[in-house]
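Side chains included, hydrogens not; waters and symmetry mates left out as well; all remaining heavy atoms used. Every chain is numbered from 1, with letters handed out A, B, ... down the list of sequences.
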Number of protein chains: 2
Amino acid sequence: MGENLQNRLKLTKQPPLREEVALNLAIAASYFSGKIEKILGKFEISGAQYNVLRILKGVYPEGHARCAIAMRMIERSPDITRIIDRLEKQGLVERIRTEEDRRMSITKITGKGIEIVNKVNPLVSIEHAESTANLSDEECKLLSELTEKLYKDMG
Amino acid sequence: MGENLQNRLKLTKQPPLREEVALNLAIAASYFSGKIEKILGKFEISGAQYNVLRILKGVYPEGHARCAIAMRMIERSPDITRIIDRLEKQGLVERIRTEEDRRMSITKITGKGIEIVNKVNPLVSIEHAESTANLSDEECKLLSELTEKLYKDMG
DNA sequence: TAACATTATGTGTTGAAACAAATATAATAC
DNA sequence: GTATTATATTTGTTTCAACACATAATGTTA
């Protein structure tokens with residue numbers, strides 16, 4: 001067992017290899033998201049909200065239906081409606097009802113929403129660079145490949 | 001960019017290397033925790049609760065103070081008290097007030113708690129093995145080392 | 001075209017997380 | 001030995017997430 005895991009969780013006995021990976025992955029990811037949420041807190045948006053804004057900015061000036069957003073979320077959330085509700089209340093997105101399919105409500109990012117993402121993105125980039133400073137480019141690529149392999153054929 | 005990431009998030013342009021790592025890490029970890037929480041749901045406990053039980057089982061028949069538990073959590077939670085409240089209500093842990101330091105409340109896992117962990121652990125092990133089936137032992141070790149490097153010198 | 005299934009979103013409710021402030025005890029400094 | 005500071009936990013409050021169910025529109029099929 002690595003000494004970092006040992007220090008972090010104060011484990012007394014060596015966990016099986018495939019449990020150790022899972023633990024390390026969870027710790028690393030939680031560490032990352034904590035850093036990012038701290039940045040987002042300054043702008044009074046949550047990680048989930050930022051995720052939605054990031055997705056909508058990608059298709060601006062078009063919008064996305066709720067289910068299209070749900071598919072693209074990093075952490076899948078069953079309750080996009082409420083996340084959009086809050087973003088709408090803050091004036092960061094707007095809902096549009098289309099005539100083609102009146103079930104759908106298309107959500108579009110507003111100018112104010114774009115502005116926030118434009119302010120947040122560089123800070124997030126810097127944080128990512130700093131958080132991964134212990135890894136070389138080669139190691140980053142390797143880590144990307146290994147994690148992608150993990151979720152490859154999962155629903 | 002790997003095609004798995006491409007498929008999962010439907011990205012149109014290549015993100016910078018160090019953002020790609022962060023995305024992949026978050027997706028993989030979320031995938032893992034989703035699988036585990038599905039198992040835990042059958043026993044009506046949350047991931048955080050299981051985490052506490054796992055920690056307390058490690059020191060049984062002794063217990064831990066609240067802050068000792070907090071330090072050992074995989075995802076750091078500012079609100080262990082409430083998690084313990086709920087576990088206590090379910091009869092899975094008990095609180096003991098020690099005479100040495102009357103500020104502290106020592107939490108100990110009960111027999112019923114141990115029973116649940118003993119039922120859950122094998123299922124979690126199997127899930128971990130299945131979830132990492134795409135990786136060889138060597139790749140698992142590598143992934144462990146890389147993720148440990150990430151959170152190494154972080155608070 | 002009426003009936004049924006499917007898809008897309010919204011609502012109601014309950015339980016849990018986040019953050020700040022409060023309480024209680026212990027350790028330290030003077 | 002009292003005042004101050006630090007530590008350990010709990011409580012209050014507000015916001016957020018999860019789950020099931022409800023509503024509405026579309027698609028499909030006899």
A/Met104 has a side chain; which of D/dA18, C/dA8, C/dA18 sits nearest to it? C/dA8

For atom CZ of B/Arg66 and atom P of D/dT11, their distance in whole Å: 13 Å

Below the 4.0 Å mark, does C/dA8 have OP1 or OP2 next to a side-chain nitrogen or oxygen of A/Arg97? no

Rounded to whole Å, how long is the line connecting atom CD1 of A/Ile83 with atom C1' of D/dC16? 9 Å

Starting at CD of A/Glu37 and ending at P of C/dA17, how long is that distance when rounded to a whole Å? 14 Å

Donor-acceptor pair, A/Ser105 side chain versus A/Arg97 backbone, under 3.5 Å? no

In whole Å, I'd like the distance from the CG atom of B/Asp79 to the P atom of D/dT13. 15 Å

Tell me whether the OP1 or OP2 atom of D/dT15 has a side-chain N or O from A/Arg86 closer than 4.0 Å. no

May I ask you to decide if B/Thr132's main-chain N or O and A/Arg18's side chain share a donor-acceptor pair within less than 3.5 Å? yes

In whole Å, I'd like the distance from the CZ atom of B/Arg102 to the P atom of C/dT23. 18 Å

Both B/Asp101 and A/Glu100 contact DNA chain D. Which one's nearest nucleotide lies toward the 5' end? B/Asp101

Atom-to-atom span, CG of A/Asp85 to P of C/dG12 - whole angstrom: 12 Å

Sorted by position of nearest nucleotide on DNA chain D, 5' first, the leading residue of B/His64 and A/Glu99 is B/His64

Provide, to the nearest angstrom, the distance between the NZ atom belonging to B/Lys38 and the P atom belonging to D/dA18. 15 Å

Using heavy-atom distances to pick each residue's nearest nucleotide on DNA chain C, tell me which of A/Thr81 and B/Arg103 is more 5'. A/Thr81

Salt bridge B/Arg66-B/Asp79, side-chain N to carboxylate O under 4.0 Å: no

With a 4.0 Å cutoff (strictly under), does any side-chain N or O of A/Ser105 reach OP1 or OP2 of C/dG10? yes

Could you state the CE-P distance from B/Met73 to C/dA16, rounded to the nearest angstrom? 14 Å

Report yes or no: is there a donor-acceptor pair, N or O only, under 3.5 Å between the side chain of A/Arg82 and the base of C/dG12? yes

Under a 3.5 Å threshold, yes or no: a donor from one side chain and an acceptor from the other, between B/Gln49 and B/Gln90? yes

Check for a donor-acceptor pair, side chain of B/Glu148 on one end and backbone N or O of A/Asn4 on the other, with a separation under 3.5 Å. yes

